[in-house]
Colleague: 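Quick one: this structure, given as structure tokens, is what I'll be asking you about.
First the proteins, then the strands, lettered A, B, ... as listed; each starts at 1. Bear in mind that the values here come from a model prediction, so they are computed numbers and not experimental data.
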Amino acid sequence: MAGPADLRILVACKRVVDYAVKIRVNAAGTAVETNNLKHSMNPFDEIGAEQAILIKEAFAKSKKTVDVIAVSCGPAKAQETLRTALAMGADRAVHVETNDDLQPLAVAKVLKAIVEKEKPDIVILGKQAIDDDSNQTGQMLAGLLNWPQATFASKVELAEKAMTVTREVDGGIETIKTPLPAILTTDLRLNIPRYASLPNIMKAKKKPLEKIAIASLSIDVAPRIEILKVAEPAKRQGGKTVENVDELISKLKNEAKVL
Amino acid sequence: AHTLSGAVLEPSALNELIPDWKEKGAEEAGVEVFPGFAASEVLYNEDGSVRGIATNDVGLDKNFKPKDGFERGMEFHAKVTLFAEGCHGSLSKQVIRKFNLREDSDPQTYGIGIKEVWKIDPAKSDPGTVIHTLGWPIDYSTYGGSFIYHMGDDTLSLGMVIGLDYENPYLSPYKEFQRFKHHPFVKNLLEGGECIAYGARALNEGGLQSIPKLYFPGGALIGCTAGFLNLIKIKGTHTAMKSGMLAAESAYEAINSESYSEEKPVVLEDYEQRVKDSWIWKELYEVRNCRPSFHSPLKNLGGIMYSGIDTILLKGRTPWTFHNHTPDHETLKTAKSSKKIDYPKPDGVISFDLLTSVSRTGTNHAEDQPVHLRLKNKDIPVERNLKVFDGPEGRFCPAGVYEFVDDENGPEGAQRLQINSQNCIHCKTCDIKDPSQNIDWTVPEGGGGPQYSFT
């Protein structure tokens, strides 16, 4: 249990295949091959962790304390991701250990249990993970908790027990105000995450990391969706130059069959 | 992530170090490893001895100005600093120069190793099979050969090593390797398969004669950064590991000995003696004459004949020792006196264009950082390399970093050297082979570079 703080932020982090790695479909055609590939924290979650630290640093200026907790669901290696969050400046971490792949609804249920335990004022998640691109967990968590949600945040301003969030939406930019507690999901332009410096990485090894076996939460985390097939996109065909408009029309009609 | 392996290794040193590694897995507990931080500078004490290293500043933009995420590098001070940067280390080369460690040894000579990993048709896979070839497509005066290893899981690891003492500036090691794969024997193995990875790295070929003095006040060189690769065995991990063990034992004793004092630097003379007394030296002594025997006018023919006799009969028991006289960067003939090589175009199935291969290294460097490949003189690439040798850097780099392009700001027909540093896979070939020795390979921001996983 944590001591008193003026604000408590829970940051959800997912360990995913590193964005720069070239991925392939596995031999069975059921999933992306992830064995032995470099993994890192989901970039949007890094932005979330950075935002939590920025809030912590801003509050410190007026002598207020912020407790930042990083949480991750996954196998033992998820602890590396949590250590990165701790190295960036989080105060402590919670690892919900499971070797199964969790779908967004299951993750949202787990996070609800953590929220009920830690009682944060803000839960920050990345808008989506770069491996499944679901864009669901934050929204589902808000629904389960019946909390307000501010998603796709590109700017956040905190006031007393409320926050003003600028969102990047399909129609442009939208600014909303929400009371706390609330869910926030990050978009790309919210901030640029800091490098974890070597002294901070060393310090992070000593920060508290709590392990929770997922079974002990007594939650139904069974998948609701079954993935039938994963395939590589069709190979790109070479382009052809056409001599004149008639040839173009003929090709569109007879070959591409779009006319 | 940076280690290019998938090699056939001799487990002798590993057996000594961790007797039950096959059961435990070769992981050392209790050691702190901090990946993703690049040592960019050697630090010295007032008396000139090595004090440690400093990591580079991160968060600088292309023009060395601090960005938002700027973090100053850190200094690490130590009683003993061991340099283990692999072949042609960027800090090791500075230390070798400063302490004149090559005073009594030959220059180091190198090869470039280029490899690919394929998933092949299971019917063609024969795990454990090791194949080596010599000859085609490399000509008789260029040192080189290939390896094909059948690994488990329908995986094939194949590659080519070409001596960087090659003479023709039109030679492209990458294209030789691509051409090699079209040999019917190799093509047959690859057909129906898929290339899943690519990588390249320079490796040491100089052997015993090119090993520099191994120690200097405050530190020592271990592993390939010193140069313990046994080229005839085509293995160096065992000697590298052993040298690390010997350096550790020597350093530990020196620090804990009665004569240790904080006022004086630690001098690991004992480490060098241990290396000379160990099987590393015996092994390298035995094969010391093989690679240099390829330098005679008989070229590969002479080398193969001599090496055959030496490795089978003589085993190095001769009173003579051949030497590596010429550093690799001095061997290129001029473009005018060399014949252009007409390489076939890649077919995209068995052979590939360079950029497709580079994408299979997973190499990535954070954007907007200082270019880590530094030119000592920015006019030399065009005025000498291009003029005299027709720009060999555009051919020996296995990642397409160096390109001579039209200079939009210059007079008609002028060219300039474009450095695509984000493609770099940290192989060090440019630092070795540049005939003007104008390219200085330095470390980019830590964490950047190739992401070799099954390579």
Colleague: Can you tell me how far apart CZ (A/F152) and CZ (A/F44) are? Round to the nearest 0.5 Å.
Modeller: 10.0 Å

Colleague: Could you measure the distance from the CG atom of B/L156 to the CD1 atom of B/I120? Nearest 0.5 Å is fine.
Modeller: 4.5 Å

Colleague: How many angstroms lie between atom CD1 of A/I9 and atom CD1 of A/I122, to the nearest 0.5 angstrom?
Modeller: 4.5 Å

Colleague: In terms of heavy-atom proximity below 4.5 Å to chain B, should A/A196 be classed as side chain, backbone, both, or neither?
Modeller: backbone

Colleague: Between chain B and chain A, are any donor-acceptor pairs under 3.5 Å, and how far apart is each one to 0.1 Å?
Modeller:
residue : atom : partner : partner atom : Å
B/N364  : ND2  : A/Y19   : OH           : 3.0
B/E445  : OE1  : A/Y195  : OH           : 2.7
B/E445  : OE2  : A/Y195  : OH           : 3.4

Colleague: Where the side chain of B/N420 meets the backbone of B/G400, is there a donor-acceptor pair that is under 3.5 Å apart?
Modeller: yes

Colleague: Please say whether more than 12 non-hydrogen atoms of neighbouring residues, nucleotides or ligands are located less than 6.0 Å from CG in A/L248.
Modeller: yes

Colleague: Sort A/P193 into side chain, backbone, both or neither according to what part of it lies under 4.5 angstrom from a heavy atom of chain B.
Modeller: neither

Colleague: Atom CG of A/L198 and atom CE of B/M74: how far apart are they, to the nearest 0.5 Å?
Modeller: 5.0 Å

Colleague: Would you say A/L252 has more than 12 foreign heavy atoms packed within less than 6.0 Å of its CG?
Modeller: yes

